[in-house]
Colleague: 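The structure that follows is given in the form of structure tokens.
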There are 2 protein chains.
Amino acid sequence: MGKDRALTQSRQKGRLEKILAELERASEFDQLQSVSEQLRDYFEIDHLVYHWVSSSGQQYGFGTYSDDWVQRYVEKDYLRVDPVIQGCYQRFHPVDWKRLDWTGKAARAFQAEAQGFGVGNQGYSVPIRGPNGQFALFTVSHNCDDATWAEFTEKNRRELILIAHFFNHAALELEPDRAPEQAQALSPREVDAMTFLAMGYSRAQVAETLSISEHTLRVYIESARFKLGAVNTTHAVARALSRGLIVI
Amino acid sequence: MGKDRALTQSRQKGRLEKILAELERASEFDQLQSVSEQLRDYFEIDHLVYHWVSSSGQQYGFGTYSDDWVQRYVEKDYLRVDPVIQGCYQRFHPVDWKRLDWTGKAARAFQAEAQGFGVGNQGYSVPIRGPNGQFALFTVSHNCDDATWAEFTEKNRRELILIAHFFNHAALELEPDRAPEQAQALSPREVDAMTFLAMGYSRAQVAETLSISEHTLRVYIESARFKLGAVNTTHAVARALSRGLIVI
DNA sequence: CGCGGCCTCGCCATTTCTGGGGAGAAAAGA
DNA sequence: TCTTTTCTCCCCAGAAATGGCGAGGCCGCG
């Protein structure tokens, strides 16, 4: 490796270090926005976005997408169409957009419109999950051919994972009102009840499975519903699931 | 900074690089075990453990804890007592053991017993969550005073986060992947129906919201139920949620 | 052009869930 | 020790969901 190149690399590393340090100190939206732009420039890519979906479905984020696109995305509720969301929601690990399912009419229409707003044809997204069903996605996207993109992601994978986490940390600082929504834990019996209900058991079946009377079971369901702020059983099960209190 | 120290640092970095590369290639338990030990030596700490809890409650892991301790932990179902698990389960971010709640009889007894098995008084754990309630914890632990530990975690935070992710990646390779039964897509109306039901709306409310008759709504619910292989509405909503077909 | 999928609407009877009460025992924590 | 939480059981009536029957129009695909 030539001396110059090594020097450049070292200088580059230093630049990234500086941005990361700023990211770690960041506590306001504008700072995160600025860091996003610096990182975009550093990586020499088209876009870089952090997108957060709370357990209640609210979403927000920051990054380099145009305001038009963000607004349209929220307006049109593209959360429910976006293959990146759909795909990453079921995945553990960072994923290249190429590996997602872009067949399907809605997906292709979405893709076309996204590219109209300057979103790249290539992308790489890092999913992060929270304890109560929160879901965040850190995405870099770019317009280039497959080989170039593969090289980029291979080279910067580690940095991207780290940045995703730092963004996530910063985003949580932004959001102060998590506490009230902090999941009140369910009692073991309540967890049992919710779990079997989520598995499709009727109340009678759950009661029999747990060897308790159906009346008793009802008390659990009701108290779980109360704790979860749910208006009916289905709602309670949905909340318990998306807050990670039960697993099926 | 002296030249020698810089050299040492660089050499150290190279050593870590080598271990990480091995970790990234690892695909078998023994390799991961070996990497754990190398990392322990590299960081000069007492223990380093990766611990995985699957959605069905099964747990496994690898690391440098003694077999005796691991066996005891599993036997005694310490998962339900361990403040590290309890604490990290509700947290987004890596956490220092000092910040956990060690009051409580069971917790203190657990702590005492753990230290008897050589687990350090200091620890730092990185939680990682999966799409279906999986929960993994990467932990480093050591015996030292607070200041030394604070310095260590501050210095190696980034590396630890990365290692946690690489371990996680490798652990997933280990796991005989349960075939993620191809989620059959729901029609848009079915998605609407499931979504509102998951939000706690009654049938009548959903029908009104979607401006369709309640009977039509029933057809959607039934076809969604059929597609999802669910026996009732709650079951269908639960499946739609955990397959990521709907988001609330 | 037929086939399948999607969207829309109706009636019946039966089962299941929900909301409002009340009450005692056991276990865990402060 | 005392308090709180958890677990267990019981009543009733009204609301909601389910299962099974049928019907027509619209769209895209091969």
Side-chain angles (χ1 to χ4, degrees), chain A residues 80-81 103-109 183-240 245, chain B residues 77 80-81 83 86 101-111 184-238 245:
Chain A
R80 306 187 191 285
V81 178
T103 63
K105 209 173 128 191
R108 275 200 303 271
Q184 184 174 4
L186 298 177
S187 80
R189 281 311 225 189
E190 287 159 358
V191 170
D192 292 341
M194 289 293 110
T195 302
F196 285 118
L197 288 172
M199 288 165 59
Y201 288 34
S202 71
R203 294 209 302 206
Q205 287 175 308
V206 176
E208 197 194 343
T209 306
L210 296 178
S211 303
I212 55 177
S213 80
E214 198 179 326
H215 307 276
T216 304
L217 177 70
R218 268 187 52 195
V219 177
Y220 297 144
I221 299 174
E222 272 167 37
S223 78
R225 223 176 30 223
F226 177 75
K227 287 181 182 176
L228 295 167
V231 298
N232 57 35
T233 302
T234 301
H235 195 194
V237 168
R239 289 205 157 176
L245 300 174
Chain B
D77 206 16
R80 306 193 184 283
V81 179
Q86 302 294 321
D101 177 22
W102 294 93
T103 64
K105 213 173 128 191
R108 275 200 302 274
F110 170 81
Q111 189 181 29
Q184 185 176 2
L186 298 176
S187 81
R189 282 313 226 188
E190 287 159 359
V191 171
D192 291 342
M194 289 295 110
T195 303
F196 285 118
L197 288 172
M199 287 164 61
Y201 287 34
S202 71
R203 277 193 191 174
Q205 287 175 307
V206 177
E208 197 195 341
T209 306
L210 296 179
S211 303
I212 56 177
S213 81
E214 196 177 330
H215 186 82
T216 303
L217 176 71
R218 270 185 53 194
V219 177
Y220 297 145
I221 298 175
E222 273 168 37
S223 78
R225 219 171 41 216
F226 178 74
K227 288 181 182 174
L228 295 166
V231 298
N232 58 37
T233 301
T234 301
H235 195 194
V237 168
L245 300 175

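Quick note on labels: first sequence line is chain A, next is B, and so on, each numbered from 1. The model shown is predicted, which means the values in this text are computed figures rather than measured ones. All values below were derived from every heavy atom in this structure, side-chain atoms included, with hydrogens, water molecules and symmetry-related copies excluded.
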Colleague: Nearest-Å distance, CZ (Arg108(B)) to C1' (dA30(C))?
Modeller: 12 Å
Colleague: Would the distance check show the side chain of Gln205(A) and the main-chain N or O of Ser202(A) forming a donor-acceptor pair, the cut-off being under 3.5 Å?
Modeller: yes
Colleague: In whole angstrom, give the distance that lies between atom NE2 of His235(B) and atom C1' of dA17(D).
Modeller: 17 Å
Colleague: Rounded to whole Å, please give me the gap between CD in Glu214(A) and P in dC17(C).
Modeller: 7 Å
Colleague: What is the distance from CG of Leu197(A) to C1' of dC17(C), rounded to the nearest Å?
Modeller: 11 Å
Colleague: Go through the steps for Thr216(B) and Arg189(B) under the test side-chain contact (heavy atoms from CB on, under 4.5 Å), then give the verdict.
Modeller: CA-CA 10 Å; Thr216(B) 303; Arg189(B) 282 313 226 188; over 6 Å; no
Colleague: Using heavy atoms to find the nearest nucleotide of DNA chain C for Ile212(B) and Asn232(B) separately, return the residue whose nucleotide is more 5′.
Modeller: Ile212(B)
Colleague: Under 4.0 Å between a side-chain N or O of Lys227(B) and OP1 or OP2 of dC6(C)?
Modeller: yes
Colleague: From C-beta outward on Ser213(A), which listed nucleotide comes closest to its side chain: dC9(D), dC9(C), dT18(D)?
Modeller: dC9(D)
Colleague: Would you check if Met194(B) and Ile221(B) make a side-chain contact, meaning some heavy-atom pair closer than 4.5 Å?
Modeller: yes
Colleague: To check you understand the geometry: which heavy-atom pair defines the closest contact between Leu186(A) and Lys227(A), and what is its length?
Modeller: CD2-CD, 3.9 Å
Colleague: Establish, with yes or no, whether the OP1 or OP2 oxygen of dT18(D) is under 4.0 angstrom from a side-chain nitrogen or oxygen of Thr233(B).
Modeller: yes
Colleague: So does Arg203(B) get a side-chain nitrogen or oxygen closer than 4.0 Å to the phosphate oxygens (OP1/OP2) of dA15(D)?
Modeller: no
Colleague: Determine whether Val206(B) and Leu197(B) make a side-chain contact, defined as any pair of heavy atoms from C-beta on separated by less than 4.5 Å.
Modeller: yes
Colleague: Atom CE of Met194(B) to atom P of dC6(C): distance rounded to whole Å?
Modeller: 14 Å
Colleague: Expressed as a whole number of angstroms, how long is the span from Arg189(B):CZ to dC9(C):P?
Modeller: 9 Å
Colleague: Find the distance between CG (Leu228(B)) and OG (Ser223(B)) and round it off to the nearest 0.5 Å.
Modeller: 9.0 Å
Colleague: Quick one: is dC7(D) close enough that its OP1 or OP2 comes under 4.0 Å of any side-chain N or O from Ser187(A)?
Modeller: yes
Colleague: Measure CD1/Ile221(B) against P/dA17(D) and give the value in whole Å, please.
Modeller: 8 Å
Colleague: To the nearest 0.5 Å, what is the distance between NE2 (His235(A)) and OG1 (Thr234(B))?
Modeller: 12.0 Å
Colleague: Below the 4.0 Å mark, does dT8(D) have OP1 or OP2 next to a side-chain nitrogen or oxygen of Tyr220(A)?
Modeller: yes
Colleague: For the pair made of CZ in Phe196(B) and C1' in dA17(D), what is the distance, rounded to whole Å?
Modeller: 19 Å
Colleague: Between Thr216(B) and dC9(C), does any side-chain N or O lie under 4.0 Å from OP1 or OP2?
Modeller: yes
Colleague: What one-letter contact string describes nucleotides 20-30 of chain D from 5' to 3', where B marks a base within less than 4.0 Å of any protein heavy atom, S marks contact via sugar-phosphate atoms alone, and - marks no contact?
Modeller: B-B--------
